[in-house]
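Note: hydrogens, waters and symmetry copies are ignored here, and every other heavy atom, side chains too, is used. Numbers restart at 1 for each chain; the letters A, B, ... are given by sequence-line order, proteins then strands.
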There are 2 protein chains.
Amino acid sequence: MKKRIITISRQNGSGGRYIGERLAKELGITCYDEKLMDMVAKESGFALDFVEEKGERITGSLLFNIASSLTYANNVFTGNGVSLQDEIYFIQNRIIKDIAEKESCVIVGRCADYILKDREDCLNVFIHADEKSKLKRAVKYYNVSEKDAPAVMKKKDKARYNHYKYYTDQEWGMASNYDLCLNSGLLGVDGCVQLIREVLEQF
Amino acid sequence: MKKRIITISRQNGSGGRYIGERLAKELGITCYDEKLMDMVAKESGFALDFVEEKGERITGSLLFNIASSLTYANNVFTGNGVSLQDEIYFIQNRIIKDIAEKESCVIVGRCADYILKDREDCLNVFIHADEKSKLKRAVKYYNVSEKDAPAVMKKKDKARYNHYKYYTDQEWGMASNYDLCLNSGLLGVDGCVQLIREVLEQF
């Protein structure tokens, strides 16, 4: 296979992350998900948990964003307009571009489809599923109760939507942002991996 | 192949209509596009042009919608709240449900994915493409100049978006409404037909 970058965006509970891992393993390339977070945490000096939370989600805490862009000195608050969230985004952005320049890989989430939009060797994939399939998956793998799962998934997807909208001015999950959008509830994890591989091989 | 309905929604200029026709031909089933419009025109008594225009687009002419829901009698305007656009939608809705009940087929546009959302034998596809590919297609096939094409395509897609939003309360083009979304600019018409057939055969 010639050099290819596959970005995978995904709804919470759709199995998109696992599809990314499986795909990378089958292709013998690296899946940047946890590993990417480690790199951002190391470079930024922020804790891994903080990077994981702020690197892909905006939870509507506007006050936090404003406050985190201020510096206190000589009894005065001054701000450079760059919040901690922005700092993480800039570092993440640079690391993603560096990785894509160097090697074939799978990158999960983190606006990678947008960050790499000028590259021609990039295949952008979005994975989603029906509510029933996502619920089943969330309860099985994410340690969340059947009662709480719908609200938890909705909240996480909304935070991803807000983050993507804020940094890209595009709608997260809109088909036209991706080359291939797949319903993993219908196609299954294996089916999604198979279709993505086929597109990579043929197009 | 067991009985299957394939709905194809598409951006203007993406070749989605042609993909639907090609797919239907290869599968030996009917593609309901022009034919569906003929059926709606015949049943409603409206002119074909009017049905084609109002059956899939809302162009923002609110006054027309209000006015068309009024009846003039005994020097008074009275309204049943049902516009001509609504009437067309209701008739279209019934015809689409009847067709899907009877036979395997391809249905292009007309909110068919939403109208048939409770059927399990339905595969919902969305076709889109990059601006450059759509422009090329529009100039070649739709008798529009290279200068005018971007605005024409944008206007048509916006009218489709508004129509879909109005009748379904969902976002037209949002990946989660469809099982499979394909970038025909990358995959080509043949590639899209091939992938849809593969999904139909395997899943």
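The CG atom of B:Leu182 lies 10.0 Å from the CG atom of A:Asp179; values are rounded to the nearest 0.5 Å. Between atom OG of residue A:Ser176 and atom CD1 of residue B:Ile127 there is a gap of 13.0 Å, rounded to the nearest 0.5 Å. From A:Met174, atom CE reaches atom CZ of B:Phe126 across 8.0 Å, with rounding to the nearest 0.5 Å. Rounding to the nearest 0.5 angstrom, the gap separating the CG atom in A:Asn183 from the CG atom in B:Asn124 is 9.5 Å.
Note: B:Cys181 leads B:Gly185, B:Cys181, B:Ser184 in heavy-atom pairs under 4.5 Å with chain A.
More than 12 non-hydrogen atoms from other residues, nucleotides or ligands lie less than 6.0 angstrom from OH of B:Tyr142. By the neighbour-count criterion of 12 heavy atoms within 6.0 Å, atom NZ of B:Lys25 is sparsely surrounded, having that number or fewer from other residues, nucleotides or ligands. The environment of A:Lys154 atom NZ is sparse: at most 12 non-hydrogen atoms of other residues, nucleotides or ligands sit within 6.0 angstrom. Residue B:Phe46 places its CZ atom among more than 12 non-hydrogen atoms of other residues, nucleotides or ligands, all under 6.0 Å distant. Residue B:Lys42 qualifies as open at atom NZ: its count of foreign heavy atoms under 6.0 Å is 12 or below. Atom CD of A:Glu201 has more than 12 heavy atoms from other residues, nucleotides or ligands within 6.0 Å.
Judged purely by atom type and a 3.5 angstrom limit, A:His128 uses its side chain to pair as donor or acceptor with the backbone of B:Tyr178.
Looking at every heavy atom in both residues, A:Leu187 comes nearest to B:Val199 through CD2-CG1, 3.8 Å.
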Quick one, B:Glu171 with A:Glu171, criterion side chain to side chain contact (heavy atoms under 4.5 Å, CB included). Give me CA distance, side-chain angles, the key distance, then yes/no. CA-CA 11 Å; B:Glu171 312 279 319; A:Glu171 312 279 320; 5.6 Å; no
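Counting only heavy atoms from C-beta outward, the side chains of A:Leu186 and B:Leu123 approach each other to under 4.5 Å. Using a 4.5 Å heavy-atom threshold, the side chains of A:Gln194 and B:Gln202 count as touching.
Legend: ring pair (Phe, Tyr, Trp, His ring centres under 6.0 Å) pairs involving residues 84-117 of chain B, not counting sequence neighbours, sorted by first then second residue: B:Tyr89-B:Tyr167.
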